[in-house]
Q: 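Got a structure for you, written out below as structure tokens; questions coming shortly.
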2 protein chains.
Amino acid sequence: MSYTVSEENYIKRIYHLQQETGLVNTNSLAAEMQTRAASVTDMLKKLKTKKLLQYEKYKGFKLNEAGKKAALDVVRKHRLWEYFLVEKLQFDWDKVHAIAEELEHISSEELVQRLDNFLGNPSFDPHGDPIPDRNGKIPVINQQNLGTIPLKKIVTVSSVGNQSAEMLDMLKHYHIALGTPISVLKRFEFDGSLEIKVLHRNACIISEQVAKNVFVHDVQ
Amino acid sequence: MSYTVSEENYIKRIYHLQQETGLVNTNSLAAEMQTRAASVTDMLKKLKTKKLLQYEKYKGFKLNEAGKKAALDVVRKHRLWEYFLVEKLQFDWDKVHAIAEELEHISSEELVQRLDNFLGNPSFDPHGDPIPDRNGKIPVINQQNLGTIPLKKIVTVSSVGNQSAEMLDMLKHYHIALGTPISVLKRFEFDGSLEIKVLHRNACIISEQVAKNVFVHDVQ
DNA sequence: AATAAAATTTAGACAAATCTAAAAATATTA
DNA sequence: TAATATTTTTAGATTTGTCTAAATTTTATT
Ligand SMILES: [Mn+2]
Ligand SMILES: [Mn+2]
Ligand SMILES: [Mn+2]
Ligand SMILES: [Mn+2]
């Protein structure tokens with residue numbers, strides 16, 4: 001089965017929302033898609049007809065197994081292309097999302113498989129998000145956000161939660177990138193902000209909000 | 001200015017047709033686009049409104065300068081992506097057209113420029129067709145078709161005219177690819193077919209129709 | 001439980017890109 | 001040049017994805 005660009009965008013968005021909330025509701029999807037609730041309802045009917053969705057009027061909805069697989073196909077392509085853009089074309093990691101949002105809809109299966117091989121079958125995209133394999137299997141890592149790790153312990157940045165341009169811009173300013181060694185020197189009880197040390201940089205302070213969106217794992 | 005996928009496909013097709021015939025007519029464009037004459041007329045009105053086209057009802061049409069530049073942008077992307085697919089992803093040259101037909105519509109200017117650099121600013125695509133630069137300038141080469149070169153002279157294959165899957169498949173069978181050294185041993189007056197010698201291969205015979213679509217230039 | 005507020009769906013409209021069938025213009029030919 | 005054939009355009013319909021405004025359903029609050 002193959003889907004339109006619009007269908008694919010909806011499917012992927014529903015997938016991400018249901019990872020967080022289980023059932024998804026119309027308004028939150030409309031907000032994510034930057035469209036109107038009425039348009040969402042229209043698309044839900046279509047996706048239900050195509051048997052990708054469990055959906056009862058007024059009761060919320062979520063992807064079924066076929067829907068999840070379809071979503072993971074799009075996610076896989078999105079993240080592989082992001083990896084290509086950063087690793088091969090030297091884009092900054094905060095500039096690739098919009099382009100991958102288009103590239104993820106190119107339909108050739110063989111293209112995706114060859115791209116995957118060309119890139120060396122990467123497991124994580126430039127934002128640290130896992131790249132599903134062609135069967136939809138997702139690699140896992142143990143990671144915690146910066147707010148929860150013990151003081152002085154040196155850890156490695158593995159992914160970022162909030163991936164808005166604003167956030168990525170801020171991380172660039174702090175010289176925080178994937179793989180960056182980092183440690184927490186002090187936790188301020190007043191507002192939850194952290195004094196951190198990035199390798200080769202002076203200590204600096206980040207807000208609790210930033211800390212919660214920086215995920216790290218043990219140095220290998 | 002940016003255009004829809006459909007507009008870009010029409011613009012590109014008109015460009016290629018007018019290279020051959022000057023003025024283009026509705027039916028031939030409809031045939032090329034695999035659509036109906038009525039649909040072509042609709043699109044012509046749209047492109048005229050967008051000032052890409054000289055068009056008088058019943059009198060034929062052609063792209064103006066703005067239209068040609070728009071077409072060359074699409075051609076440039078198409079051929080750069082084809083080069084990428086063959087040189088980086090190891091696709092066979094006869095498998096890349098349909099995929100490039102999608103990739104050519106990805107809109108980022110920066111992407112195209114970075115791709116161009118990543119590929120080493122190639123001048124010709126895998127079928128030997130010139131790749132316009134970002135200003136729409138097209139590299140030229142002196143080339144003739146195989147039917148017109150002197151017997152025994154060793155020349156190099158530089159491009160192919162007919163690029164149908166059938167033709168490319170046939171050339172693969174003859175071990176004719178871009179850059180292949182080749183010479184004509186004998187010309188048969190009966191049907192215009194040629195006995196040719198491909199380097200490292202036994203002599204063989206190709207039809208006049210094939211010969212006319214194989215372009216060659218002097219060995220450098 | 002009744003009322004108000006919020007969330008969701010329906011009804012009806014629109015733009016883009018396509019189609020078929022019919023009308024109009026142009027070209028061919030007897 | 002008049003009849004015929006071909007080409008092109010128009011008229012009107014259809015599909016997809018979107019919208020606004022109104023109606024309906026669910027949830028929250030007196
Ligand atoms: Mn997308
Ligand atoms: Mn990403
Ligand atoms: Mn195309
Ligand atoms: Mn080509």
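Residue numbers begin at 1 in each chain, while the letters A, B, ... track the order of the sequences.
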Q: Counting only side-chain nitrogens and oxygens, does B:Thr35 get under 4.0 Å of the OP1 or OP2 atom of C:dA17?
A: no
Q: Can you tell me how far P of C:dA16 sits from CG of B:Leu47, to the nearest Å?
A: 12 Å
Q: Once you build an axis from the first five pairs and another from the last five of the helix from C:dA1-D:dT30 to C:dA30-D:dT1, how far apart in angle are they, to 10 degrees?
A: 10°
Q: Given atom CE of B:Met33 and atom C1' of C:dA17, what is their separation to the nearest angstrom?
A: 11 Å
Q: Measure from OH on B:Tyr10 to P on C:dA16 and round the result to the nearest Å.
A: 15 Å
Q: Kindly check if the number of other-residue, nucleotide or ligand heavy atoms within 6.0 Å of NZ (B:Lys69) is above 12?
A: yes
Q: For B:Glu7, enumerate each residue passing the salt bridge (Lys or Arg N to Asp or Glu O under 4.0 Å) test, keeping only those at least two apart in sequence or located in another chain.
A: B:Lys50
Q: Determine: side-chain N/O of A:Ser6 to OP1/OP2 of D:dT16, distance under 4.0 Å, yes or no.
A: no
Q: So which protein nitrogen or oxygen atoms get under 3.5 Å of nucleotides 6-9 of chain C's nitrogens or oxygens?
A:
from  : atom 1 : to      : atom 2 : distance (Å)
C:dT8 : OP2    : A:Asn27 : N      : 2.8
C:dT9 : OP1    : A:Tyr55 : OH     : 2.4
C:dT9 : OP1    : A:Tyr58 : N      : 3.2
C:dT9 : OP2    : A:Thr26 : OG1    : 3.0
C:dT9 : OP2    : A:Thr41 : OG1    : 2.8
C:dT9 : O4'    : A:Tyr58 : OH     : 3.3

Q: Is the positively charged end of A:Lys88 above the ring of A:Phe118, judged by distance under 6.0 angstrom from the centroid and angle within 45° of the axis?
A: yes
Q: Would one find more than 12 heavy atoms of other residues, nucleotides or ligands at under 6.0 Å from atom CD of A:Gln19?
A: yes
Q: I want to check one thing: is the phosphate of D:dT18, taken as OP1 and OP2, less than 4.0 Å away from some side-chain N or O of A:Arg36?
A: no
Q: Only pairs at least two apart or in different chains count here, so list each salt bridge (charged side-chain N to carboxylate O under 4.0 Å, His left out) that has a residue in residues 95-111 of chain B.
A: B:Lys12-B:Glu101, B:Lys12-B:Glu104, B:Glu110-B:Arg114
Q: Just distance, no hydrogens or angles: give the donor-acceptor pairs under 3.5 Å from side chains in residues 136-149 of chain A, sequence neighbours left out.
A:
from     : atom 1 : to       : atom 2 : distance (Å)
A:Gln143 : OE1    : A:Ser158 : OG     : 2.7
A:Gln143 : OE1    : A:Ser159 : OG     : 3.3
A:Gln143 : NE2    : A:Ser159 : OG     : 3.4
A:Gln144 : NE2    : A:Thr148 : OG1    : 3.2
A:Asn145 : OD1    : A:Gly147 : N      : 2.8
A:Thr148 : OG1    : A:Asn145 : O      : 2.9

Q: What is the distance, rounded to the nearest whole Å, between atom CG of B:Leu29 and atom P of C:dT18?
A: 11 Å
Q: Counting neighbours of CD on A:Gln209 that are heavy atoms of other residues, nucleotides or ligands and sit closer than 6.0 Å, is the number greater than 12?
A: no
Q: For B:Ala66, which residues count as a side-chain contact (heavy atoms from CB on, under 4.5 Å) partner, sequence neighbours excluded?
A: B:Leu52, B:Asn64
Q: Within this structure, what is the CG-to-C1' distance between B:Asp42 and C:dT20, rounded to whole angstrom?
A: 12 Å
Q: Would you check if there is a donor-acceptor pair between the side chains of A:Gln90 and B:Asn117 at a distance under 3.5 Å?
A: no
Q: Can you check the B:Lys46 NZ to C:dT18 C1' distance for me, whole Å?
A: 10 Å
Q: Among all residues two or more places apart in sequence or in another chain, which pass the salt bridge (Lys or Arg N to Asp or Glu O under 4.0 Å) test with A:Glu65?
A: A:Lys68
Q: So which pairs with a foot in residues 168-180 of chain B pass salt bridge (charged side-chain N to carboxylate O under 4.0 Å, His left out), sequence neighbours left out?
A: B:Asp92-B:Lys172, B:Asp94-B:Lys172
Q: Between A:Tyr3 and D:dT16, is there a side-chain N or O to OP1/OP2 distance below 4.0 Å?
A: no
Q: Kindly write out the residues that satisfy side-chain hydrogen bond (donor to acceptor under 3.5 Å, both in side chains) with A:Arg187, not counting sequence neighbours, or none if the list is empty.
A: none
Q: Give every residue pair that meets the salt bridge (charged side-chain N to carboxylate O under 4.0 Å, His left out) criterion with at least one member in residues 20-47 of chain B, sequence neighbours excluded.
A: B:Arg13-B:Glu32
Q: On the 0 to 90° scale, with breaks at 30° and 60°, tag the B:His78-B:His97 ring pair as parallel, tilted or perpendicular.
A: tilted
Q: Give me the residues of residues 11-19 of chain A where at least one heavy atom lies under 4.0 Å from an atom of DNA chain C, by number, or none.
A: none
Q: Within residues 68-75 of chain A, find the residues that approach DNA chain C with a heavy atom at under 4.0 Å, and present them sorted by residue number.
A: none
Q: Consider the side chain of B:Ser39, meaning its heavy atoms from C-beta on, and name the nucleotide among C:dA16, C:dT18, D:dC19 that approaches it most closely.
A: C:dT18
